[in-house]
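As structure tokens, the structure follows; a few thoughts come after it.
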Amino acid sequence: MKFNTKTIHGGQEHDKAYGAVMPPIYQTSTYAQSTPGGHKGYEYSRSQNPTRHALEKALASIENGNYGLAFGSGLAAIDAVIKLLNPGDEVISTNDLYGGSYRLFTQIFERFGIVFHFVEMENAKNIESYINTNTKLIWVETPTNPMMNIIDVKAVAEMAQKHQILLAVDNTFATPYLQQPLDIGADIVMHSATKYLGGHSDVVMGALIVKDKDLAEKLYFIQNASGAVCGPQDSFLVLRGIKTLHIRMQRHCENGRAVAEYLKAHPKIENVYWPGFESHPNHDIAKAQMKDFGGMVSFTTKGNNYKEAIKIVENLKIFTLAESLGGVESLAGHPASMTHASIPKEKREQTGIVDSLIRLSVGIEDIEDLIADLKQAIG
Ligand SMILES: *Cc1c(COP(=O)(O)O)cnc(C)c1O
């Protein structure tokens with residue numbers, strides 16, 4: 001089955017009771033047993049739920065994995081991965097990381113004796129000097145947020161395999177439409193399904209997908225034991241979202257390209273961060289690793305004025321000023337005052353998050369309207 005067919009049919013079967021084409025929302029916490037232990041595979045909805053199960057099979061299918069696990073949020077999914085580790089174990093992570101992942105690693109798991117190294121991975125060789133016998137996990141995010149850096153997953157996977165270290169890839173920004181990390185050596189793919197997989201800004205959810213049975217069993221044990229599962233209604237919504245992932249992503253990519261090119265030619269714009277430009281430092285890797293370049297575009301204005309950037313995001317009418325990304329509607333964010341406000345100015349500027357940086361999640365509206373909106377807002 002090819003990808004566009006998988007988004008609609010992958011891992012799916014029609015409802016056994018009445019032939020419903022979409023799996024019913026099994027809004028139940030428990031299941032009747034005929035005799036103790038006499039059940040149909042479902043005992044209690046933290047452990048198993050048919051709607052969540054249908055979603056988990058779809059997730060496995062679109063990422064070319066064998067097992068999918070759905071969680072109450074992206075961070076709950078990451079939390080489950082780190083719980084594979086023991087005190088003293090070490091993790092090597094991308095330095096330009098989703099802020100919530102960084103907070104979870106440093107403010108929760110460091111207290112439990114897990115050691116994190118944040119490494120600039122655009123040159124995969126930088127990882128090697130951090131590897132020792134305690135290294136158990138490499139955590140990669142690509143493209144990164146909000147600077148759109150690209151990490152060579154294949155190169156990192158070779159290193160991970162050589163040293164028998166697990167490799168997890170946060171595939172939230174790219175989605176399996178653009179890249180399938182399990183096929184190029186990753187052991188775990190993680191998603192904030194809140195973003196492109198759900199795709200309609202109406203649900204918060206996380207996911208893990210793996211190929212290996214042993215690893216799947218360990219993660220399932222944690223999912224059930226820690227209990228950060230998602231509900232059946234949300235499972236239904238994300239399953240429905242996945243069915244249009246390919247056509248949404250195609251349009252996100254087309255519109256993302258048009259917005260990036262418009263901004264690049266604009267006299268008031270200083271830098272545009274989008275991996276599709278040949279001038280992007282890791283354009284060649286992006287081109288080899290990804291099918292297209294996605295709908296996320298960041299930019300800075302000439303003069304790097306904080307107030308001017310705020311004015312631009314306030315002036316936007318079709319782009320909504322909001323956190324999050326990956327929905328059908330276009331969103332704009334100002335990292336220095338929003339998602340990255342808690343990071344000291346000097347530290348955030350080291351990774352490029354300057355005062356005028358604006359991040360766009362380009363939606364699937366008509367491109368003429370999006371460009372006109374940017375035009376009136378930037379002036
Ligand atoms: C949003 C996001 C997360 C966290 O997911 P939640 O669903 O908000 O918990 C993790 N990684 C990336 C790249 C994200 O964009």
Side-chain angles (χ1 to χ4, degrees), residues 52 55 59 63 68-83 91 93-109 116 118 121 137-151 153 168-179 181 186 188-209 223 226-231 234-235 237-238 241-242 245 249 252 256 273 275 290 294-298 322-327 331-333 335 338-340 342-343 351 353 359-363:
R52 192 178 89 218
L55 167 68
L59 290 165
E63 281 287 5
L69 298 132
F71 294 82
S73 71
L75 284 172
I78 302 173
D79 178 89
V81 175
I82 307 301
K83 283 178 177 159
V91 180
S93 163
T94 311
N95 65 342
D96 181 18
L97 190 67
Y98 176 72
S101 309
Y102 181 79
R103 181 178 55 198
L104 177 66
F105 293 170
T106 56
Q107 295 194 45
I108 307 277
F109 282 110
F116 294 86
F118 297 95
M121 292 188 181
L137 176 71
I138 299 177
W139 187 269
V140 167
E141 201 178 303
T142 181
T144 66
N145 174 27
M147 298 312 297
M148 307 299 143
N149 292 317
I150 302 291
I151 291 156
V153 175
V169 175
D170 182 337
N171 207 26
T172 301
F173 268 39
T175 85
Y177 175 82
L178 296 177
Q179 64 189 17
I188 302 172
V189 162
M190 174 264 154
H191 276 280
S192 169
T194 313
K195 317 293 168 53
Y196 287 107
L197 296 190
H200 296 74
S201 307
D202 51 10
V203 61
V204 173
M205 191 190 285
L208 299 175
I209 301 103
Q223 183 196 37
S226 286
V229 294
C230 53
D234 288 353
S235 300
L237 285 173
V238 172
I242 287 173
L245 177 66
M249 284 309 292
H252 282 297
Y273 302 97
M290 299 164 74
M296 299 299 300
V297 180
S298 297
E323 291 187 7
S324 199
L325 62 113
L331 300 180
M338 295 165 73
T339 47
H340 294 68
S342 61
I343 304 172
T351 52
I353 303 164
R359 189 194 77 177
L360 302 177
S361 171
V362 182

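Counting convention: from 1, in listed order, for ligands and their atoms alike. All heavy atoms count here, side chains included; hydrogens, waters and symmetry mates do not.
- Under the 3.5 Å distance criterion, the side-chain polar atoms of Asp234 are left unmatched by any main-chain donor or acceptor of Gly72.
- Note: Phe105 and Phe116 have parallel aromatic rings, judged against thresholds of 30 and 60 degrees for the angle between ring planes.
- Legend: residues meeting ring pair (Phe, Tyr, Trp, His ring centres under 6.0 Å) with His252, ordered by chain and number and at least two apart, are Tyr196.
- In this structure, Lys195 forms a cation-pi arrangement with Tyr98, its terminal cationic atom sitting closer than 6.0 Å to the ring centre and no more than 45° off the ring axis.
- Residue pairs that meet the salt bridge (charged side-chain N to carboxylate O under 4.0 Å, His left out) test with at least one member in residues 98-108, sequence neighbours left out, do not exist here.
- Applying the side-chain contact (heavy atoms from CB on, under 4.5 Å) test to Ala332 and every residue at least two apart in sequence or in another chain returns Val313, Leu316, Phe319, Leu360.
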Just list the N/O pairs, ligand 1 to protein, that are under 3.5 Å apart, with the distance for each.
from     : atom 1 : to     : atom 2 : distance (Å)
ligand 1 : 5 (O)  : Ser192 : OG     : 3.0
ligand 1 : 7 (O)  : Gly74  : N      : 2.9
ligand 1 : 7 (O)  : Ser192 : OG     : 2.8
ligand 1 : 7 (O)  : Thr194 : OG1    : 2.7
ligand 1 : 9 (O)  : Gly74  : N      : 3.0
ligand 1 : 9 (O)  : Leu75  : N      : 2.9
ligand 1 : 11 (N) : Asp170 : OD2    : 2.7
ligand 1 : 15 (O) : Lys195 : NZ     : 2.7

